[in-house]
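Data first, discussion second: the structure below is written as structure tokens.
One is the number of the first residue; the rest follow in order along the sequence.
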Amino acid sequence: MKLLNILTIGAVAAGLTLTSCSESFLDVESMTESNTENFYKTETDAYRALIGCYAGWRQIASNPSIGIYIAATVMSDECYGASGNGDGFGYQVVDRFDNSLSPSDMNLYEGDWQRYYEGIYRCNVLLSYDDQIQWQSEANRSLYLGECRALRALMYFDMARMFENIPFFLEPSTENREQADPDEVYAWVLEDLRYAVNNIPATANHGASDFGRITKQTAEGILARAYMYYTGYYGKQPGWTDEEAGTVGNVTQQEALAAVEDAISSGYYKLLPKGEFNTLWPAASLVAVPGPAVGWDTDQSTYAGDANDEVMLAMTFTPGNYNGGNFGNRWQVLIGMRNLWQSPLGRGWGIGTVCPGYLNFFTNDDQRRSASVIDIVSEGLTENSLYAASYKDWREYTGYCIKKYSPYCYNNTESGGYQNGATADGTADFQIGNTQPWIFLRYADVLLMAAELGSGNAQSYLDQVRDRAGLGSIPATKENILAERARELAFEGHRYWDLLRQRNGGQVTALVDALMAVQGPVKNGGLDATVTYDASKILATNGLCQIPNNQITLSNYVLKQNPGWY
């Protein structure tokens with residue numbers, strides 16, 4: 001296998017062709033005439049290449065196969081695989097860690113694998129031309145390279161959590177390379193994030209026009225997240241020594257805590273006010289205009305906006321088209337209600353129905369439940385004329401769906417992902433028109449990480465998060481902090497990794513226990529069924545995902561499959 005088989009031919013050119021967002025920093029004119037012979041010369045070239053790196057990162061959501069954040073939600077105790085009653089069983093394979101449910105699904109993550117390596121390749125290309133670029137400002141050099149290295153760290157962190165055993169490149173190589181020691185990968189993830197923390201100015205990228213760009217405080221939060229995951233899952237401190245590169249990745253708990261404490265004290269971010277948790281999420285805060293009109297009743301809708309005070313990093317989107325313009329949030333359509341919509345809640349493919357047992361984390365007075373979960377019965381959707389057909393076409397129906405990232409629609413059923421209900425090519429399309437930013441880091445997450453890492457302000461940080469949800473104080477024990485994360489960050493792609501990092505004696509027993517607790521009855525096509533988990537299957541995989549079989553074949557079997565999969 002040549003690496004270009006993984007990346008697809010022309011990744012460099014793709015990194016230079018930047019067609020993208022309006023009303024965001026990704027709105028950069030196309031550079032279709034550029035190539036590596038005449039590019040990477042000026043600081044402007046570097047900036048445009050950086051935008052290409054961000055666009056490469058966005059492709060993991062705009063053009064996924066399973067999608068890491070959908071997979072993480074399905075693999076956790078939050079959701080079942082679900083999907084359509086007549087669909088294949090790929091999401092059941094993901095949910096149950098069991099190939100036998102669909103033996104032909106050997107490449108479930110191939111699109112994700114390709115998109116990640118494409119994005120990483122773009123970052124490595126830009127970094128490799130550092131010495132060739134005629135930098136006019138050392139400040140911009142530090143900023144752009146800091147962002148680029150943080151993006152590379154983000155993508156490698158996702159890949160390492162999903163697959164653990166991955167080829168690792170710090171240069172734009174086409175080598176058929178064996179899988180790296182995960183210690184090396186995590187060490188460089190942390191080193192890249194440390195570089196970003198030390199090189200991105202504290203004041204950079206905070207303007208509304210830069211929404212979606214990485215800030216110093218973003219890098220600090222993700223550094224702490226990576227540290228906590230590595231030390232929890234592997235049960236040791238990070239660190240790796242190489243004779244040429246020196247020692248990298250030797251981040252300590254004190255450094256991780258100091259990073260999030262600095263992000264907190266910076267003053268750039270804060271929780272939205274008490275009682276306004278729902279305003280973080282469009283579907284939980286929008287109110288449709290009565291009748292067929294296109295638009296929202298802005299006097300009643302309370303959405304805080306994309307670039308609100310709490311969002312520290314989000315992936316941004318614009319409407320796509322079917323002519324190669326994959327810019328929309330495709331994760332949203334996957335988790336939308338199965339062909340069931342009632343403004344402002346839009347439709348989708350019904351993946352990731354919420355496990356009823358997971359709702360036990362929430363008390364009745366917790367304002368986050370109704371903002372996070374669609375209760376199909378209590379919200380009157382069973383009275384919808386579309387409900388019967390949806391119910392009969394839905395696998396692993398539970399009556400509950402994710403609201404935080406639900407697609408939303410107008411009363412005339414057009415997608416609400418774009419201001420006028422239309423996609424970039426002028427048509428209303430519920431599949432590619434969704435544009436809600438996907439939040440990767442929120443201030444509440446940083447507060448809870450600092451509390452768990454042992455901050456002297458741990459009690460205050462936990463109390464702030466709970467008070468905003470209308471709840472009283474509880475002791476800031478690790479158990480309580482983890483349970484608070486399950487409520488506060490539900491369906492945001494964090495719960496699965498929180499379970500995995502609670503490893504006991506080298507086994508993912510916390511994950512097993514959590515899944516066993518949410519086994520239960522569902523409806524498949526309207527008929528009674530039951531979701532059960534086999535602990536031996538989960539333990540055999542160590543919580544890791546299946547490496548795409550096509551990639552193993554392309555490598556001439558240099559790549560080896562993860563345990564528990566075939």
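Under a 4.0 Å N-O distance rule, the pair D366/R466 does not qualify as a salt bridge. Taking 4.0 Å as the cut-off between side-chain N and carboxylate O, R501 and E452 count as a salt-bridged pair. Note on R115 versus D112: no salt bridge recorded, every NZ/NE/NH1/NH2 to OD/OE distance being 4.0 Å or above. Using a 4.0 Å cut-off between a side-chain N of Lys or Arg and a carboxylate O of Asp or Glu, R495 and E78 do not qualify as a salt bridge. The pair E488-R485 does not count as a salt bridge, with every side-chain nitrogen at least 4.0 angstrom from each carboxylate oxygen.
When all heavy atoms of E379 and Q342 are compared, the pair lying nearest together is O-NE2, 3.9 Å. When all heavy atoms are compared, the tightest approach of I264 to Y443 is CG2-OH, 3.3 Å. Closest non-hydrogen pair, Y69 versus G493, comes out as CD2-CA, 3.9 Å. Pairing each heavy atom of C545 with each of M75, the nearest pair is SG-CE, 3.8 Å. Residues I214 and N205 come closest through the heavy atom pair O-ND2, 2.7 Å. L223 and L190 make their closest contact through O-CD2, 3.8 Å (heavy atoms, listed as atom of the first residue, atom of the second, distance).
With no hydrogens or angles considered, no side-chain donor-acceptor pair links N278 and S285 at under 3.5 Å. In the model, Q237 has a side-chain atom that pairs as donor or acceptor with a side-chain atom of Y227 under 3.5 Å. Judged purely by distance below 3.5 Å, without hydrogens or angles, the side chains of Q436 and N329 never pair a donor atom with an acceptor atom. A donor-acceptor contact closer than 3.5 angstrom is absent between the side chains of T73 and Y405. Using modelled atom types, one finds no donor on one side chain facing an acceptor on the other under 3.5 Å when comparing S390 with N339. Y47 and N140 form no side-chain donor-acceptor contact under 3.5 Å, judged by distance and modelled atom types alone. Looking at S406 and Q332, their side chains never bring a donor and an acceptor atom within 3.5 Å of each other. Using modelled atom types, one finds no donor on one side chain facing an acceptor on the other under 3.5 Å when comparing E484 with Y461. Using modelled atom types, one finds no donor on one side chain facing an acceptor on the other under 3.5 Å when comparing D309 with Y269. When only modelled atom types and interatomic distance are considered, S265 and E261 share no side-chain donor-acceptor pair under 3.5 Å. Between the side chains of T477 and N480, at least one donor N or O lies within less than 3.5 Å of an accepting N or O.
Qualifying side-chain contact (heavy atoms from CB on, under 4.5 Å) partners for A72, counting only residues two or more places apart in sequence or in other chains: Y496, W497.
Residues W281 and F491 keep their aromatic ring centres 6.0 Å or farther apart. W331 has its ring centre no less than 6.0 Å from the ring centre of F317. In this structure, Y400 has its ring center no closer than 6.0 Å to that of Y358.
Under the 3.5 Å distance criterion, the side-chain polar atoms of N199 are left unmatched by any main-chain donor or acceptor of A196.
Between Y234 and Y186, the ring-plane angle classifies as perpendicular under the 30° and 60° cut-offs.
The cationic group of R213 does not satisfy the cation-pi geometry with F211, failing either the under 6.0 Å distance to the six-membered ring centre or the 45° limit from the ring axis.
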Check the pair I376 / C401 against side-chain contact (heavy atoms from CB on, under 4.5 Å), numbers first and verdict last. CA-CA 8 Å; I376 290 176; C401 295; 4.2 Å; yes
